[in-house]
Novice: 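Below is one structure. I have some questions about it.
Numbered from 1 within each chain, the chains take letters A, B, ... in sequence-line order.
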2 protein chains.
Amino acid sequence: MRSAALKTAARETSGAARNLEDLVGYRLRRVGALVIKELGGIFGAVGLAPGQFSILMLIGAHPHSSQSDLALLAGVDRSTLVPVIERLLTLGYITRLQNESDRRAYRLQISTAGRRAVEKATPLAESFERRVTKGFAADDKRRLLIALQQIEESLTSAG
Amino acid sequence: MRSAALKTAARETSGAARNLEDLVGYRLRRVGALVIKELGGIFGAVGLAPGQFSILMLIGAHPHSSQSDLALLAGVDRSTLVPVIERLLTLGYITRLQNESDRRAYRLQISTAGRRAVEKATPLAESFERRVTKGFAADDKRRLLIALQQIEESLTSAG
DNA sequence: TATTGTTATACTCTATAACTATA
DNA sequence: TATAGTTATAGAGTATAACAATA
């Protein structure tokens with residue numbers, strides 16, 4: 001029986017995607033789903049799903065954005081935001097005013113209640129982040145963030 | 001106006017999750033969804049969704065597994081597999097025989113057609129993998145895979 | 001014509017709870 | 001009792017196509 005190191009070397013040189021576990025795409029898909037599941041419990045404390053919470057934070061960071069602006073920032077289609085915005089309005093976490101210079105569009109803004117929700121959930125999110133990056137040196141985390149950002153760029157530019 | 005490097009340094013020392021973009025959890029969620037979307041077009045060539053294809057590969061790599069065995073390997077609930085298995089059976093990509101020593105369970109096996117589908121999709125998956133890891137040194141990719149594996153372990157062990 | 005937001009629809013991924021048949 | 005597989009249901013994520021209102 002060969003050692004694990006040798007087997008890995010054999011895989012690396014084979015060039016073929018024989019082992020699912022060695023595919024970044026496969027791992028990202030699994031880990032992404034896992035993160036959504038875990039974050040669900042965390043943001044549930046303020047009545048939001050993970051994606052909804054991230055939109056709330058984006059609105060806080062980009063006041064007076066339109067929904068189309070937000071869609072660009074979040075990397076999703078405009079239509080994806082409609083139920084999210086509705087949820088945030090229902091909970092009173094954001095306000096939505098007509099943009100008077102362009103009455104097709106809105107100006108979104110986080111509310112006081114929205115800020116409170118963010119403040120309440122932030123320590124939970126930070127705790128989750130520590131759990132995710134447990135055992136990572138600061139440099140490991142930095143490199144991982146850069147890698148993930150690079151991948152997103154590779155996948156969004158030039159299909 | 002401070003430089004980007006200085007702003008980054010300020011963020012790192014703040015300790016707070018003020019910037020969504022610096023959260024590994026957030027990036028993983030976005031990238032994971034993006035990967036699913038992109039892989040959808042690729043595996044569509046053999047009539048499968050990304051998750052379905054990965055189960056097909058697992059069956060090929062672990063002949064005579066039961067559905068419960070597979071659920072463990074894939075990191076999902078048994079119930080999640082039911083429609084996947086049904087799809088693979090419908091396409092004739094796997095066979096399912098009763099386990100005679102335990103008639104509650106099945107023995108799953110990839111079929112010739114299933115192998116052909118894997119062979120057809122593999123170069124496409126490899127091409128996607130190259131696109132994902134574009135600009136990555138071999139070491140970068142290795143580190144990324146290790147990091148993702150570590151994260152999955154952190155998130156599955158000890159809620 | 002082009003854009004903003006909306007609707008209707010669909011598809012991917014996942015889980016929980018309760019059921020059946022076997023063990 | 002416990003396990004293998006199933007069903008029904010739910011809820012997370014996402015998109016496309018077509019529409020009204022406005023630019």
Novice: Return the 5'-most residue of the pair B:Val84, B:Ser79 with respect to DNA chain C, ranking by each residue's nearest nucleotide.
Specialist: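 Its nucleotide being nearer the 5' end, the pick is B:Val84.
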Novice: Pick out the pairs of N or O atoms, protein on one side and nucleotides 3-5 of chain C on the other, that lie under 3.5 Å.
Specialist:
residue	atom	partner	partner atom	Å
C:dT3	O4'	A:Arg104	NH1	3.3
C:dT3	O2	A:Arg104	NH1	2.7
C:dG5	OP1	A:Gln67	N	3.2
C:dG5	OP1	A:Tyr106	N	3.1
C:dG5	OP2	A:Gln67	N	3.2
C:dG5	OP2	A:Ser68	N	2.7
C:dG5	OP2	A:Ser68	OG	2.9

Novice: Atom CD1 of A:Ile36 and atom P of C:dT12: how far apart are they, to the nearest Å?
Specialist: 16 Å
Novice: Give me the first and last nucleotide of DNA chain D, going 5' to 3', that has any atom under 4.0 Å from a heavy atom of chain B.
Specialist: D:dA2 to D:dA15
Novice: Starting from P on C:dT14, measure out to CD on A:Glu38 and report it in whole angstrom.
Specialist: 14 Å
Novice: Considering only NZ, NE, NH1 and NH2 on the basic side and carboxylate oxygens on the acidic side, decide whether A:Glu129 and A:Lys141 come within less than 4.0 Å.
Specialist: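 So A:Glu129 pairs with A:Lys141 through a salt bridge.
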Novice: Might you point out which heavy atoms bring B:Ile151 and A:Val132 nearest each other, and give the distance in Å?
Specialist: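 Minimum heavy-atom contact is CG1-O, 3.4 Å.
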Novice: Do any pairs count as a salt bridge (charged side-chain N to carboxylate O under 4.0 Å, His left out) and have a residue in residues 27-37 of chain B, sequence neighbours left out, and if so which ones?
Specialist: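 Checked against salt bridge (charged side-chain N to carboxylate O under 4.0 Å, His left out) - neighbours excluded - the pairs reaching residues 27-37 of chain B are A:Glu152-B:Arg27, A:Glu152-B:Arg30.
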Novice: With sequence neighbours left out, what residues match B:Ala61 under side chain to side chain contact (heavy atoms under 4.5 Å, CB included)?
Specialist: none
Novice: B:Leu34 CG to C:dC11 C1': how many Å, rounded?
Specialist: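 To the nearest whole Å, that distance equals 16 Å.
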Novice: List for me each residue that meets side chain to side chain contact (heavy atoms under 4.5 Å, CB included) alongside A:Ser68, sequence neighbours excluded, and say none if there are none.
Specialist: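 Side chain to side chain contact (heavy atoms under 4.5 Å, CB included) list for A:Ser68, sorted by chain: A:Ser66, A:Arg78.
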Novice: Using a 4.0 Å heavy-atom cut-off across all strands, classify A:Gly51 as base, sugar-phosphate, or nothing.
Specialist: sugar-phosphate
Novice: Using the closest heavy atom to pick a nucleotide of DNA chain D for each, name whichever of A:Ser101 or B:Arg29 lands nearer the 5' end.
Specialist: B:Arg29
Novice: Hey, which of these two, A:Arg103 or A:Pro83, hits DNA chain D nearer its 5' end, going by closest nucleotide?
Specialist: A:Pro83
Novice: Who passes salt bridge (Lys or Arg N to Asp or Glu O under 4.0 Å) against A:Arg104, sequence neighbours left out?
Specialist: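 Testing A:Arg104 for salt bridge (Lys or Arg N to Asp or Glu O under 4.0 Å), a comparison that skips the adjacent residues, returns A:Asp102.
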Novice: Between C:dT7 atom C1' and A:Asp77 atom CG, what is the distance in whole Å?
Specialist: 13 Å
Novice: Only counting residues at least two apart or in another chain, list the ones meeting side chain to side chain contact (heavy atoms under 4.5 Å, CB included) with A:Leu81.
Specialist: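 Checked A:Leu81 against side chain to side chain contact (heavy atoms under 4.5 Å, CB included); matches are A:Ile55, A:Leu70, A:Ala71, A:Val76, A:Ile85.
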Novice: Do the side-chain N or O atoms of B:Thr80 get closer than 4.0 angstrom to the phosphate oxygens (OP1, OP2) of C:dA15?
Specialist: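 Checking B:Thr80 against C:dA15: at least one side-chain N or O falls below 4.0 Å of OP1 or OP2.
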Novice: Which of residues 86-94 of chain B have a heavy atom under 4.0 Å from DNA chain D?
Specialist: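 Hits under 4.0 Å, by residue number: none.
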Novice: Please, which pairs that meet ring pair (Phe, Tyr, Trp, His ring centres under 6.0 Å) have at least one residue in residues 36-76 of chain B, sequence neighbours excluded?
Specialist: B:Phe43-B:Phe53
Novice: Test: ring pair (Phe, Tyr, Trp, His ring centres under 6.0 Å). Region: residues 100-136 of chain A. Which pairs qualify, not counting sequence neighbours?
Specialist: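 The answer is none; no pair qualifies.
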Novice: Excluding sequence neighbours, so at least two apart, what forms side chain to side chain contact (heavy atoms under 4.5 Å, CB included) with A:Arg87?
Specialist: A:Leu48, A:Gln52, A:Leu91
Novice: Could you work out, with side-chain hydrogen bond (donor to acceptor under 3.5 Å, both in side chains) as the rule, every residue matching A:Arg96, not counting sequence neighbours?
Specialist: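 Only A:Gln67 meet the side-chain hydrogen bond (donor to acceptor under 3.5 Å, both in side chains) criterion with A:Arg96.
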